[in-house]
Amino acid sequence: MTPIVEKIALPFVHRMDPEKAHNRTIWALKSGLLGRRKPYTSSRLRTDVAGLPLLNPVGLAAGLDKNAEAIAPLLRSGFGFIEVGAATPKPQDGNPKPRLFRLSEDRAAINRFGFNNDGMYKIADRLAKRPETGVVGLNLGANKTSQHRTIDYIKVLETCGPYVDFATLNISSPNTERLRDLQSKDQLLGLVKGALETRNSFDRRIPIFLKIAPDLNAQLVDDIAEVVQRTRVDGLICTNTTTSRDGLVSPHADQKGGLSGAPLFDISNEVLATFARRLSGTVPIIGVGGVSSGAEAYRKIRLGASAVQLYTALVYHGFGLVTRIAKDLDARLAADGFDHISEAVGIDL
């Protein structure tokens, strides 16, 4: 789909029920209707994050392609890397509908999907057939009814890990009851150690990332930082969606679930900068939350992110946004005299 056609189509998409629009997007990707865009790259943008070679540092956050159905077309959408999922051991329907709300006035969304997915076996089958080129990660989750959630993450990693380039422990979704309890030190330490031991049994080493919430008190910040330093997990993803509703004007502002999009930008940046200072560059950080422009991507990088991810901004700007962000980021790095993105990481701390 050309930028002009995409611009014309977006208003029609916005008139649809948000979850139907989401499903139609997956269908359009699989049908090849969204066109092909090679990842924009340059000597400044090519980078390495936890051993992953990226043509550019602009990635797709988990949640769009929950079931790994559209890997190949997403890799042709301009991203430097993509993350699919979240996957759980057993298939589950997630929370009752409606569970996705478009907050157009706030350039945001609220979702309470609840890890709806086809289960790890079907997802593993699709991952096994993915293109050989391109960086693909999988977001790992736990079943809602599970009595042993740590074991759930390990099961998904064992089943799907051989087919991905990285895996993310999603312990921060607000849409599965008490899931965020896994961010406490003892539970988190056991989970990360188990995941790293499982990863070390693979024929090919893949990085293990930890995705954390933006809604953290001082104790949880201390706990997470200690676990990261003790276990040497490969990286952090800052952050997941927020339960905050400050400043929203949309009629859907009071819906339950995780808030993403523009209002998350400053909240996630505070967490990003906090962990960048605490960890002093010992592990890479991927910045997520409210990225819809090259300026916003650049801000996260200057606060300590080695790469960024986006998702909600695609709802409002389409897939052409990915290349625009990469090009603008490249121009900003050049204008500030940086020869490589790594020189800008954390420069504002």
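Computed from a predicted structure; not experimentally measured.
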Could you check whether any side-chain N or O of N56 sits under 3.5 Å from a backbone N or O of A326, counting only pairs where one atom can act as donor and the other as acceptor?
no
Quick one: do D222 and R278 satisfy salt bridge (charged side-chain N to carboxylate O under 4.0 Å, His left out)? Show the steps, please.
CA-CA 9 Å; D222 289 342; R278 290 289 294 271; 2.9 Å; yes
Take V156 and D152, measure what side chain to side chain contact (heavy atoms under 4.5 Å, CB included) needs, and give me the verdict at the end.
CA-CA 6 Å; V156 180; D152 278 17; 5.6 Å; no
Step through the shown structure and confirm whether more than 12 heavy atoms of other residues, nucleotides or ligands are within 6.0 Å of NZ on K155.
no
Is the number of heavy atoms from other residues, nucleotides or ligands under 6.0 Å of F338 CZ greater than 12?
yes
Using the ring of F275 (Phe, Tyr or Trp, six-membered ring only), decide whether R277 places NZ or CZ under 6.0 Å from its centre and within 45 degrees of its axis.
no
Ring-face cation contact, F115 with K144, 6.0 Å cut, 45° max
no
Closest non-hydrogen contact found for D330 with S42 is OD1-OG, 2.9 Å
Specify the closest pair of heavy atoms between I171 and K211, including all atoms of both residues, with the distance to one decimal.
CG1-O, 3.4 Å
Run the salt bridge (Lys or Arg N to Asp or Glu O under 4.0 Å) test against K20 and tell me which residues pass, sequence neighbours left out.
none
All salt bridge (Lys or Arg N to Asp or Glu O under 4.0 Å) counterparts of D181, not counting sequence neighbours
R178
From the options I286, T168, V228, select the one residue that forms a side-chain contact (heavy atoms from CB on, under 4.5 Å) with L236.
V228
Look at R332 together with D328 and state whether they make a salt bridge at an N to O cut-off of under 4.0 Å.
yes
Flag the pair E197 and K193 as a salt bridge only when some basic side-chain nitrogen lies within less than 4.0 angstrom of an acidic carboxylate oxygen.
no
